[in-house]
Trainee: 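Shown below is the structure under consideration.
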There are 2 protein chains.
Amino acid sequence: MPTNRVYRALADPTRRRILALLRERPMTAGELASQFELAWPTMSGHFAVLREANLVQAERTGSTITYRLNQTVLQEALMALMDALGVSPAEPSA
Amino acid sequence: MPTNRVYRALADPTRRRILALLRERPMTAGELASQFELAWPTMSGHFAVLREANLVQAERTGSTITYRLNQTVLQEALMALMDALGVSPAEPSA
DNA sequence: CTGGTATTTTGGCATCCACCGAATTCGGTA
DNA sequence: TACCGAATTCGGTGGATGCCAAAATACCAG
């Protein structure tokens, strides 16, 4: 259970912001990178961390690479974390 | 909103284990430290990170210091993360 | 105040991590 | 083939982080 990669991936604000953006819709690496003031290699590194944590999926289409949020993995990771730390789940917003 | 300290604090497996232990009951620094194969100063450093993240409360009683889990902060941090990432909360176990 | 126990602080080292510029790879196109 | 745009990998730097031994602090008992 390489769950540790997930926690480490979530520890960085830039990566959390990337995930939040991907929550809206899949985006290419360039699209994502343009939303930050960081150099491309830096962003590429963040993508790699997210890929290794299996939090995003990369799909090559021609010359561009589209990143897609892996909702299931993210959800399960957070649930596991909450469970391990004894945080009770919220009531479903009525 | 120093929420970032919380995520950083959760990124380390030792600290997550500490939180899991405190979930059962409050424990003194020595009690906690004895459950790990790490030197005391190392553990003390982890305690400090958890304190700064406000995830635990330290209370001095005589010569010992008792650490107590700060459930509320933890819960709110995880909820905020889930919300930011669009993970829907689970139903309360019926 | 002297000694002993509990815990943190200090100082230092090794590793990791975020960051960048430059070079490289991969596809598409002429 | 040569060239261009998209994205990653390479090489290096500065700063954070985890670790420890030794010293310092805080408290209690004599």
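In this text, all values refer to a predicted model and were calculated from it rather than measured experimentally. Convention: sequence-line order gives letters A, B, ...; per-chain numbering from 1. All values below were derived from every heavy atom in this structure, side-chain atoms included, with hydrogens, water molecules and symmetry-related copies excluded.
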Trainee: Between C1' on C:dT5 and CZ on B:Arg60, what's the gap in Å once rounded to a whole number?
Mentor: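 In whole Å, C:dT5 C1' lies 11 Å from B:Arg60 CZ.
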Trainee: Pick out which of B:Leu19, B:Asn70, B:Ile18 makes a side-chain contact (heavy atoms from CB on, under 4.5 Å) with B:Val56.
Mentor: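 It is B:Leu19; the other options fail the test.
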Trainee: C:dA6, OP1 or OP2 - any side-chain N/O from B:Tyr67 closer than 4.0 Å?
Mentor: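 Indeed not, no polar side-chain atom of B:Tyr67 lies that close.
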Trainee: Which whole-number value in Å describes the distance from B:Leu10 CG to D:dT17 P?
Mentor: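 Taking atom P of D:dT17 as the reference, CG of B:Leu10 is at 14 Å.
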Trainee: Hey, does A:Leu22 have a side-chain heavy atom less than 4.5 Å from the side chain of A:Arg68?
Mentor: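 Contact flag for A:Arg68/A:Leu22 side chains = no.
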Trainee: Determine yes or no for a side-chain-to-main-chain donor-acceptor pair under 3.5 angstrom, with A:Arg17 supplying the side chain and A:Gln35 the backbone.
Mentor: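 Yes, A:Arg17 side chain to A:Gln35 backbone: donor-acceptor pair under 3.5 Å.
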Trainee: Rounding to an integer number of Å, can you tell me how far B:Met43 CE sits from D:dG18 C1'?
Mentor: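 Taking atom C1' of D:dG18 as the reference, CE of B:Met43 is at 12 Å.
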Trainee: Please encode protein proximity along nucleotides 9-18 of chain C as a string of B, S and -, counting only heavy-atom distances under 4.0 Å.
Mentor: B-------SS
Trainee: Quick one: B:Phe47 CZ to C:dT7 C1', roughly how many Å, whole number?
Mentor: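 Atom-to-atom, B:Phe47 to C:dT7, this comes out as 9 Å.
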Trainee: Look at the side chain of B:Arg16 and the backbone N and O of B:Leu10, then say whether any donor-acceptor pair between them is shorter than 3.5 Å.
Mentor: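 The answer is yes, because a donor-acceptor pair under 3.5 Å joins these two groups.
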Trainee: Is there a donor-acceptor pair closer than 3.5 Å between any side-chain N or O of A:Arg15 and the backbone N or O of A:Arg8?
Mentor: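 Yes; judged by distance alone, with no hydrogens or angles, the pair exists.
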Trainee: So do A:Arg51 and A:Tyr67 actually touch side chain to side chain, heavy atoms under 4.5 Å?
Mentor: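 Counting from C-beta outward, A:Tyr67 and A:Arg51 do come under 4.5 Å.
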Trainee: To the nearest Å, give me how far apart CE (B:Met27) and C1' (C:dA6) are.
Mentor: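 Spelled out: CE on B:Met27 to C1' on C:dA6 is 15 Å.
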Trainee: Whole Å only: how far is the CZ atom of B:Phe36 from the P atom of D:dG18?
Mentor: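 Rounding to the nearest Å, CZ of B:Phe36 and P of D:dG18 are 14 Å apart.
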